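Everything below concerns the one structure shown next.
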Amino acid sequence: MEMSLQTTIDNDIKDAMRAKDSAKLGVLRILKAALKNAAIEKGGADATMEDAESVAVIRKQIKQRLDSIESFEKAGRPELAAAERAEITVLESYLPAGLSAEEISELVKQAIAEAGATSKQQMGDVMKIASAASAGRADGKALSQEVQRQLS
């Protein structure tokens, strides 16, 4: 049986501790706390997360760091921005391989057909289907742009 994303992260935390890799350890501990919080919100302290839900938490962590990078660069703190970029690299290693533009386009086409959508008013329905179908392998923004393109 394949290890869950959470198990992989737990194992990598142990490895980072053994390797005394404090940078990676810090990121993984923050990620573990975020995953734990999401699990608690979902269903209490013993709740387990599906990998797709874990991927959503990881994407959120990456987005927070992208926002921080922007702030640090505006504030003239390139060393802090660089540290955030290093953290993003660690986090991205836990994401499934992304979908190509062609795959996103095809997935959106199927979602539109499934929703029976004919106009932008039904974008929400299409996004719901497309997001579920992409299982965290496509950025929400990329999906949204493709849905808008195909519905216009």
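All values derive from a computational prediction rather than experimental measurement.
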Discussion item. Distance check, rounded to the nearest 0.5 Å: E146 atom CD versus E106 atom CD?
Written reply: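 Here the interatomic distance stands at 10.0 Å.
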Worksheet item: Between CD of E87 and CZ of R65, what distance do you get to the nearest 0.5 Å?
Response: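 Spacing of CD (E87) from CZ (R65) equals 4.5 Å.
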Check whether [X] and [Y] end up in the same hydrophobic cluster, where Ile, Leu, Val, Met, Phe, Trp and Tyr are linked by side-chain heavy atoms less than 4.5 Å apart.
{"X": "M49", "Y": "L91", "result": "yes"}
{"X": "V57", "Y": "I40", "result": "no"}
{"X": "L107", "Y": "I104", "result": "yes"}
{"X": "L35", "Y": "I62", "result": "yes"}
{"X": "V90", "Y": "L31", "result": "yes"}

Side-chain contact test, heavy atoms from C-beta onward, threshold under 4.5 Å: evaluate it for [X] versus [Y] and give yes or no.
{"X": "Y94", "Y": "D12", "answer": "yes"}
{"X": "I88", "Y": "I69", "answer": "yes"}
{"X": "S152", "Y": "K120", "answer": "yes"}
{"X": "S134", "Y": "E103", "answer": "no"}

Over all heavy atoms of both residues, which pair between [X] and [Y] is shortest? Give the atoms and the distance, please.
{"X": "A117", "Y": "V126", "result": "CB-CG2, 3.4 Å"}
{"X": "Q6", "Y": "S54", "result": "CG-OG, 4.0 Å"}
{"X": "L99", "Y": "A138", "result": "CD1-CB, 4.0 Å"}

Practice prompt. Tell me, please, which residues at least two apart from E79 pass salt bridge (charged side-chain N to carboxylate O under 4.0 Å, His left out).
Written response: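 Expected list: R77.
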Discussion item. Among E73, E70, E92, exactly one meets salt bridge (charged side-chain N to carboxylate O under 4.0 Å, His left out) together with R85. Which residue is that?
Written reply: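 With R85 as partner, salt bridge (charged side-chain N to carboxylate O under 4.0 Å, His left out) holds for just one option, E73.
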Item to complete: Verify side-chain contact (heavy atoms from CB on, under 4.5 Å) between Q122 and S119, making sure each step is shown before the conclusion.
Response: CA-CA 6 Å; Q122 294 145 302; S119 71; 3.3 Å; yes
Worksheet item: So with a 6.0 Å cut-off around CD of E50, is the heavy-atom count from everything else above 12?
Response: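 12 or below, so no.
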Worksheet entry | K109 NZ: over 12 foreign heavy atoms closer than 6.0 Å |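 No, because the 6.0 Å sphere around NZ of K109 holds 12 heavy atoms or fewer from other groups.
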Practice prompt. Decide whether S71 and S68 meet the rule of one side-chain donor and one side-chain acceptor closer than 3.5 Å.
Written response: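 No donor-acceptor contact under 3.5 Å links the two side chains.
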Worksheet item: Going by atom types alone, do Q110 and E114 pair a side-chain donor with an acceptor below 3.5 Å?
Response: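 Side chains of Q110 and E114: no pair found under 3.5 Å.
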Worksheet item: Where do Q145 and R149 land on the side-chain hydrogen bond (donor to acceptor under 3.5 Å, both in side chains) test, with the steps shown first?
Response: CA-CA 6 Å; Q145 288 170 338; R149 191 184 70 75; over 6 Å; no
Does [X] reach the main-chain N or O of [Y] with its side chain, forming a donor-acceptor pair under 3.5 Å?
{"X": "S131", "Y": "M127", "result": "yes"}
{"X": "Q61", "Y": "A34", "result": "no"}
{"X": "D125", "Y": "A115", "result": "no"}

Worksheet item: Can we say K60 and E53 salt-bridge, meaning some charged N sits less than 4.0 Å from an Asp/Glu carboxylate O?
Response: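 E53 and K60: not salt-bridged.
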Pairs under 3.5 angstrom only: tabulate donor-acceptor contacts from the side chains of residues 13-30 to other protein residues two or more places apart or in another chain.
residue, atom, partner, partner atom, Å
D15, OD1, R18, NH1, 3.0
D21, OD1, K24, N, 3.1

Item to complete: Report the C-alpha separation of T118 and L151 in whole Å, then their side-chain angles, then the decisive distance to 0.1 Å, and conclude whether the side-chain contact (heavy atoms from CB on, under 4.5 Å) test is met.
Response: CA-CA 7 Å; T118 52; L151 282 179; over 6 Å; no
